[in-house]
Amino acid sequence: MRVLILGGSGLIGQAFVRRLVERGDTVTVLSRNPERVRLPAGAQAAAWDGRTPQGWVHWLEEADALVNLAGENIGAGRWNAERKARIRQSRVDSGQALVRALEQAQKRPGLLLQASAVGYYGVKSQDVLTEEAPAGQDYLSSVCVDWEQSTQAAEALGVRRVLLRTGLVLTGTGGALERLLLPFRLFIGGPLGSGKQWWPWISLRDQVEAMLFLLDHPQASGPFNLTAPQPVTMSDFGRTLARVLGRPYWLPVPGFALRLLLGEMSTLVLDGQRAVPARLLQLGYTFRQPDLSAALREALG
């Protein structure tokens, strides 16, 4: 299969590219800095500006499938008005550019995997959230709604579209888990806020394998929650991490302190969604790492 990826330089993108190359697919990654993208042998990088279809429609015409993972890292810095606008615009611009490229292409790929997140559902404390749940009303949910809608027009062009509503991806080299490790390794790990908020986690291996499953499955379309079958509360997540690291779990960080430190971005750790992968399981996907303790051990080597 020939796969074209927008935004393949992040943690998920790099792991996905490696897996595609391992199984013999031909992979091209579009990047604003193609000379800096680290790719495995067998994959290639090409340039694009992140906003327009200029210069890459020919890559699209050669692809069997298109994967859009483009978007600025939401946890890379404190949210101010400018940064929030960049987070939204980086996602919407890339999606709209993708649609314009499809409109120009003489030959179109049959499938689009479109990134999104479980933040789509907003802040819902205890509700079990399948893909049928409505969107929320907060900033992150509005970003996810705009993100998904940015490529909706691809369906009218005959491209089957799969929405990847991803949860907390466990990897020890970046992302939320890496930020949690330091206090635990310093023996001061504990619950964040109430500890009752749900953390819909997924192992990096299952994130990648689920994406491959949806890429290959001819009946896959619409939204899919990419989360482990058993979400846990933050408190349970922290206790499990402490056991894996052989550290105590005792020092709570009050919610107000995190709000003072992180501002609005504190919602990433103080709020959550009890999202479950109902449609992924119905389609027949088998999770490789459904157990949190084993997934953390793998993520931390």
Side-chain angles (χ1 to χ4, degrees), residues 1-10 12-17 19-21 23 25-32 43-46 48-72 88-118 120 131 135 143-166 207-226 277 279-280 283 285:
M1 183 181 292
R2 295 167 297 182
V3 183
L4 179 64
I5 302 178
L6 284 68
S9 60
I12 294 173
Q14 289 182 17
F16 187 54
V17 169
R19 189 67 180 86
L20 288 169
V21 170
R23 71 176 201 167
D25 294 320
T26 301
V27 183
T28 302
V29 175
L30 297 182
S31 172
R32 284 174 290 183
Q44 61 183 332
W48 81 309
D49 60 13
R51 297 178 292 103
T52 72
Q54 185 175 355
W56 59 276
V57 173
H58 66 286
W59 293 112
L60 189 66
E61 293 174 333
E62 297 173 4
D64 301 307
L66 179 61
V67 182
N68 182 21
L69 303 176
E72 188 165 331
R88 185 188 303 272
Q89 209 59 43
S90 65
R91 287 158 171 77
V92 173
D93 283 353
S94 62
Q96 292 176 343
L98 184 157
V99 170
R100 293 199 298 275
L102 288 170
E103 291 172 342
Q104 295 178 23
Q106 298 298 311
K107 178 181 177 294
R108 301 182 182 112
L111 171 66
L112 164 63
L113 295 188
Q114 169 63 52
S116 185
V118 293
Y120 173 92
E131 292 84 355
V143 168
C144 290
V145 168
D146 290 349
W147 199 5
E148 294 183 8
Q149 290 181 346
S150 71
T151 59
Q152 187 172 3
E155 297 176 9
L157 298 172
V159 179
R160 181 165 50 90
R161 194 172 64 121
V162 173
L163 302 171
L164 310 172
R165 293 179 181 164
T166 297
Q207 173 72 26
V208 169
E209 292 300 327
M211 289 171 65
L212 288 176
F213 176 82
L214 294 170
L215 187 73
D216 294 338
H217 203 298
Q219 295 178 344
S221 65
F224 287 84
N225 290 343
L226 268 59
R279 297 194 67 222
L280 195 58
L283 211 58
Y285 179 74

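Everything numeric here is computed off the predicted structure, so don't read it as measured data. All values below come from the heavy atoms of this structure, side chains included, with hydrogens, waters and symmetry mates left out.
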Are any of the side-chain heavy atoms of Ile12 and Met211 separated by less than 4.5 Å?
yes
Side chain to side chain donor-acceptor pair (under 3.5 Å) with Gln152: which residues, sequence neighbours excluded?
none
What pairs with Gln44 under side-chain contact (heavy atoms from CB on, under 4.5 Å), at least two apart in sequence or on another chain?
Thr28, Trp59
By side chain to side chain donor-acceptor pair (under 3.5 Å), which residues pair with Arg161, not counting sequence neighbours?
Thr151, Glu155
If every non-hydrogen atom of Ser150 is compared with every non-hydrogen atom of Val99, which pair is closest and at what distance?
O-CG2, 3.5 Å
Can you establish whether the number of heavy atoms outside Arg2 located under 6.0 Å from its atom CZ is more than 12?
yes
Under the side chain to side chain donor-acceptor pair (under 3.5 Å) test, which residues partner Glu148, sequence neighbours left out?
Ser116, Arg165
Shortest non-hydrogen contact from Ala70 toward Asn68:
N-OD1, 3.3 Å
Flag, side chain of Arg51 to backbone of Ala97, donor-acceptor distance under 3.5 Å
no
Looking at side-chain heavy atoms only, is the closest gap between Leu283 and Leu214 below 4.5 Å?
yes
Those residues that, when tested against Thr52, pass side chain to side chain donor-acceptor pair (under 3.5 Å) (two or more places apart):
Asp49
Please determine which of Leu113, Leu4, Leu112 meets the side-chain contact (heavy atoms from CB on, under 4.5 Å) test together with Val67.
Leu113
Applying ring pair (Phe, Tyr, Trp, His ring centres under 6.0 Å), can you list everything that pairs with His58, at least two apart in sequence or on another chain?
none
Do Asp216 and Arg23 come within less than 4.5 Å of each other through their side chains, counting heavy atoms only?
yes
Of all heavy-atom pairs linking Phe16 and Ile5, the shortest is CD2-CD1, 3.9 Å
